Amino acid sequence: MKTNTWIATTLLAAAPLALGHGFPDIKNERSGDLFRQLHWGQHWDVEDGVIHDGNSTGVTVQAEGETLYLAYPRGGSTENAIVYFTDIFGLQLVNNRLLADSLARAGYFVVLPDLFRADPVPADALSDPNSSFNMTEWRTRHPITQTEEIIDHAITAVRTGFNASHVAAVGYCFGGRFVARHLATGGGVDVGFAAHPSSTTADEWNAVVGPISLAFGELDGSNTPENRTNIEGIFSAGNKSFQTSLYAQAEHGFAVRTNLSVPLKAFAQESAYWQAVRWFDAWVKGEY
Ligand SMILES: *[C@@H]1O[C@H](CO)[C@@H](O)[C@H](O)[C@H]1NC(C)=O
Ligand SMILES: *[C@@H]1O[C@H](CO)[C@@H](O)[C@H](O)[C@H]1NC(C)=O
Ligand SMILES: *[C@@H]1O[C@H](CO)[C@@H](O)[C@H](O)[C@H]1NC(C)=O
Ligand SMILES: *[C@@H]1O[C@H](CO)[C@@H](O)[C@H](O)[C@H]1NC(C)=O
Ligand SMILES: *[C@@H]1O[C@H](CO)[C@@H](O)[C@H](O)[C@H]1NC(C)=O
Ligand SMILES: *[C@@H]1O[C@H](CO)[C@@H](O)[C@H](O)[C@H]1NC(C)=O
Ligand SMILES: *[C@@H]1O[C@H](CO)[C@@H](O)[C@H](O)[C@H]1NC(C)=O
């Protein structure tokens, strides 16, 4: 009971701080089943098959002073890259690595930086009532300036170390905000996709210049109908190249982990994956 009270108090206390400070609105974070599988359709450079739960198949390297998880496409080309900005659970959450592997199987060289320098939020921190994890302290350890430094290093590695000529970005929850920030002029990213972004400000959406695709969940309290309408209004008024999708029964975090035994949640997760891939493929091929 003591720890339950602590969690509730912490979550309530944390929520007002979350907006405008670059941190996820954690009252909306939910745990779910692990991301388990992707069903493959017909697609260029995609091997048919299903990734079941198990370990990721990429490699972890050091570059530009950061730890990067790398997933290569078939053939090993690094020309078309995706930089992957994770949720607060980081590259240590197998779901994130499996999703990176999945994006690689669609033909992209995927680079997933360790956004928290080996200090992510533990996977069970929000769902385990006995967790002693202190979110306030964690936030203090990871200011936005640090996240930006890590992302800049990752983009430098992708462009000048791996010689990528097209650089896309995907971002989930916490990471979604950084897709918007890096699609601004000089941000180093050409085209982006974010699912259930957290804490992104109107100014950040407004500054986007690259093509952007967003996936929202109906049940995500971090992206209310009002928030979504505001974002779409900003995109329209700014004549931006954009696309948005809204998935029924999908909660905050659904594109990375959700309850796959609920058909519409599983559909939402897989569709968010294909949404990103199609958006990037079309851009790389010059279709828009
Ligand atoms: C998954 O891979 C990581 C990194 O190689 C390794 O540390 C870990 O032990 C593996 N886990 C399992 C269950 O094989
Ligand atoms: C939390 O701790 C209590 C007391 O040690 C224990 O009875 C309970 O099973 C624990 N709950 C979880 C989810 O681990
Ligand atoms: C979490 O850390 C903050 C800052 O150090 C501290 O004020 C707070 O008491 C801590 N909460 C718990 C439950 O330890
Ligand atoms: C990137 O280009 C440089 C200069 O041409 C070359 O030395 C390096 O091997 C290339 N790196 C990769 C990963 O292809
Ligand atoms: C989302 O909308 C709520 C009101 O519904 C507002 O308080 C909050 O600032 C908005 N969040 C973002 C990130 O725009
Ligand atoms: C909007 O942008 C497109 C190119 O993406 C351009 O052709 C069009 O003229 C722009 N419209 C306005 C009103 O600026
Ligand atoms: C996942 O959904 C199934 C079907 O509705 C339900 O039985 C199960 O309890 C859910 N699992 C979790 C962890 O919520």
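Every number for a ligand or one of its atoms is a count from 1 in the order of the listing. What you see is a predicted model; the values in this text were computed from it and never measured.
Of all heavy-atom pairs spanning Trp138 and Asp119, the tightest one is NE1-O, 2.6 Å.
In this pair, His196 and Phe254 present their aromatic rings perpendicular. The plane angle is above 60°, beyond the 30 to 60° band. In this pair, His142 and Phe116 present their aromatic rings perpendicular. The plane angle is above 60°, beyond the 30 to 60° band.
Within the listing of ligand 2, atoms 1 (C), 2 (O), 3 (C), 8 (C), 10 (C), 11 (N), 12 (C), 14 (O) sit less than 4.0 angstrom from a heavy atom of Asn130. Distances below 4.0 Å separate heavy atoms of Thr224 from the following atoms of ligand 5: 2 (O), 5 (O).
For a threshold of 3.5 Å applied to N or O pairs, the pair formed by Ser199 and ligand 5 contains no separation below that value.
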Using residues 63-72 as the side-chain source, report each donor-acceptor pair under 3.5 Å to any protein atom, sequence neighbours left out, with the distance given to one decimal.
residue, atom, partner, partner atom, Å
Glu66, OE1, Arg117, NE, 3.1
Glu66, OE2, Arg117, NH2, 2.7
Glu66, OE2, His153, ND1, 2.7
Thr67, OG1, Gln62, OE1, 3.4
Thr67, OG1, Gln62, NE2, 2.9
Tyr69, OH, Gly58, N, 2.7
Tyr69, OH, Asp101, OD1, 2.5
Tyr69, OH, Asp101, OD2, 3.3

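When hydrophobic clusters are built by joining Ile, Leu, Val, Met, Phe, Trp and Tyr residues whose side-chain heavy atoms come closer than 4.5 Å, directly or via intermediates, Phe280 is grouped together with Trp274.
Pocket lining of ligand 4, defined as residues with a non-hydrogen atom under 4.0 Å away: Gly161, Phe162, Asn163.
For Asn206, there are no side-chain hydrogen bond (donor to acceptor under 3.5 Å, both in side chains) partners at least two apart in sequence or on another chain. Take Ser77 and apply the side-chain hydrogen bond (donor to acceptor under 3.5 Å, both in side chains) test, not counting sequence neighbours, and it matches no residue.
Looking at Asn223 against ligand 5, nothing comes within 4.0 Å, counting heavy atoms.
If you check the side chains of Asn80 and His166, you find a donor sitting under 3.5 Å from an acceptor.
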